[in-house]
Amino acid sequence: MRVLVVEDEQYMARVLELGLRREAIAVDVVHDGATALERVTVYDYDAVVLDRDLPGVHGDEVCRRIVEMGLDCRVLMLTAAGRLGDKVEGLGLGADDYLAKPFDFPELVARLRALYRRSPMAHSPILMVADLSFDTYRRRVVRGGVEVRLTPKEMAVLELLMRADGGVLSAEYLLDKAWDAHADPLTNAVRLVVHTLRRKLGEPQLVHTAISAGYRLGAV
């Protein structure tokens with residue numbers, strides 16, 4: 001999952017960024033509405049965590065324009081206001097979910113994962129390929145009855161490959177979805193992560209290379 005965090009409070013933005021990355025979520029952070037609107041037209045985000053009370057372009061306007069542009073990303077709106085009327089208004093603008101500050105971080109993560117499961121490429125929280133299973137809710141990977149310990153980045157790449165249902169994903173696509181905007185497009189990070197995934201998942205190999213195309217996951 002790749003998420004854009006739009007939060008003008010620097011400390012809060014940093015807390016969200018670090019916390020989400022620990023959950024194997026790629027995160028970009030901006031601090032105003034105008035920059036947020038620029039980013040969503042350039043990058044393919046799965047969700048936007050949007051503070052409602054932004055300087056300059058208000059969060060309401062950002063949400064409204066994301067909906068108008070028909071972008072395939074979910075909007076989770078954050079606000080210091082917790083009144084029912086504010087929630088109704090926020091959802092009425094097109095937000096997919098609404099969370100009042102202060103909130104428990106695990107709830108934010110759970111809501112984001114629930115929104116992600118509603119995206120076109122995501123369905124069940126339990127992914128299965130051959131004898132490999134990935135509980136995306138508990139972040140637990142098991143192969144042949146044995147738990148496999150993966151880093152957050154390895155989990156992010158594995159989830160994308162499993163959700164592709166045998167389809168080939170290019171290195172560029174994996175880089176766009178599992179890394180943030182600061183990733184060097186010429187980096188070999190994807191190849192290195194795929195290499196460690198192959199080693200950790202063991203034999204027989206499940207991650208295959210499609211020459212000049214990318215990677216796919218399957219029993220054969």
Side-chain angles (χ1 to χ4, degrees), residues 1-4 17-28 43-47 49 72-74 76 96 105-180 183-185 187-220:
M1 189 192 319
R2 185 169 182 179
V3 172
L4 176 65
E17 179 183 14
L18 294 177
L20 291 174
R21 284 182 176 168
R22 283 196 294 269
E23 296 291 330
I25 296 173
V27 184
D28 292 332
Y43 298 104
D44 183 19
Y45 293 106
D46 298 295
V49 178
D72 187 24
C73 65
R74 309 297 183 181
L76 173 57
D96 297 279
F105 187 76
E107 181 180 3
L108 172 67
V109 173
R111 287 173 181 260
L112 280 175
R113 295 203 186 283
L115 291 176
Y116 183 60
R117 288 195 295 271
R118 288 160 49 190
S119 67
M121 200 176 166
H123 300 286
S124 171
I126 307 295
L127 306 176
M128 297 287 298
V129 174
D131 61 345
L132 176 69
S133 69
F134 186 178
D135 185 334
T136 61
Y137 180 76
R138 296 177 176 82
R139 312 309 293 169
R140 186 169 183 262
V141 177
V142 175
R143 184 171 192 195
V146 178
E147 184 169 359
V148 181
R149 299 289 185 179
L150 300 178
T151 67
K153 197 64 68 182
E154 290 162 0
M155 282 192 178
V157 171
L158 178 62
E159 182 172 356
L160 288 167
L161 289 170
M162 294 186 80
R163 290 195 185 280
D165 195 25
V168 175
L169 300 182
S170 68
E172 293 77 13
Y173 179 86
L174 293 172
L175 188 69
D176 182 66
K177 283 294 190 180
W179 278 261
D180 59 35
D184 181 354
T187 183
N188 63 352
V190 174
R191 181 175 61 83
L192 292 174
V193 168
V194 169
H195 174 76
T196 57
L197 264 179
R198 284 184 173 135
R199 176 176 56 81
K200 290 184 177 182
L201 293 178
E203 298 292 340
Q205 289 291 325
L206 290 177
V207 182
H208 308 281
T209 300
I211 304 301
S212 301
Y215 305 96
R216 66 176 181 84
L217 193 140
V220 294

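Values reported hereafter were calculated over all heavy atoms of this structure, with side chains retained and with hydrogens, waters and symmetry mates removed.
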Can you name the one residue among L158, L161, L150 that meets side chain to side chain contact (heavy atoms under 4.5 Å, CB included) with F134?
L158
Check each of V168, V190, L160, V193 against Y215 using the side chain to side chain contact (heavy atoms under 4.5 Å, CB included) test, and report the only one that passes.
V190
With side chains defined as the heavy atoms from C-beta onward, is the minimum distance between [X] and [Y] less than 4.5 Å?
X	Y	result
M1	L115	no
F105	R22	no
R140	E147	yes
V3	D46	no

Which heavy atom of A219 sits nearest to which heavy atom of L206, and what is that distance?
CA-CD2, 3.9 Å
Contact summary for A178 and A156, nearest pair of heavy atoms:
CB-CB, 4.1 Å
Donor-acceptor check, side chain of R143 to backbone of L201, threshold 3.5 angstrom: yes or no?
yes
Are any side-chain N or O atoms of R111 and backbone N or O atoms of L76, one a donor and one an acceptor, separated by less than 3.5 Å?
no
Roughly how far, to the nearest 0.5 Å, is [atom2] of [Y] from [atom1] of [X]?
X	Y	atom1	atom2	answer
W179	L174	CH2	CG	7.0 Å
I25	E17	CD1	CD	12.5 Å
R149	M155	CZ	CE	8.5 Å
R113	L108	CZ	CG	10.5 Å
L175	K177	CG	NZ	12.5 Å

Are more than 12 heavy atoms, taken from residues, nucleotides or ligands other than D131, located less than 6.0 Å from that residue's CG atom?
yes
Run the side chain to side chain contact (heavy atoms under 4.5 Å, CB included) test against V129 and tell me which residues pass, sequence neighbours left out.
M162, L217
Quick test of your reading of the model: are R2 and D44 salt-bridged, counting only N-O distances below 4.0 Å?
no
Hey, are E159 and R139 close enough for a salt bridge, meaning a charged N less than 4.0 Å from a carboxylate O?
yes
Residue pair T209 / R198, side-chain donor-acceptor N/O under 3.5 Å
yes
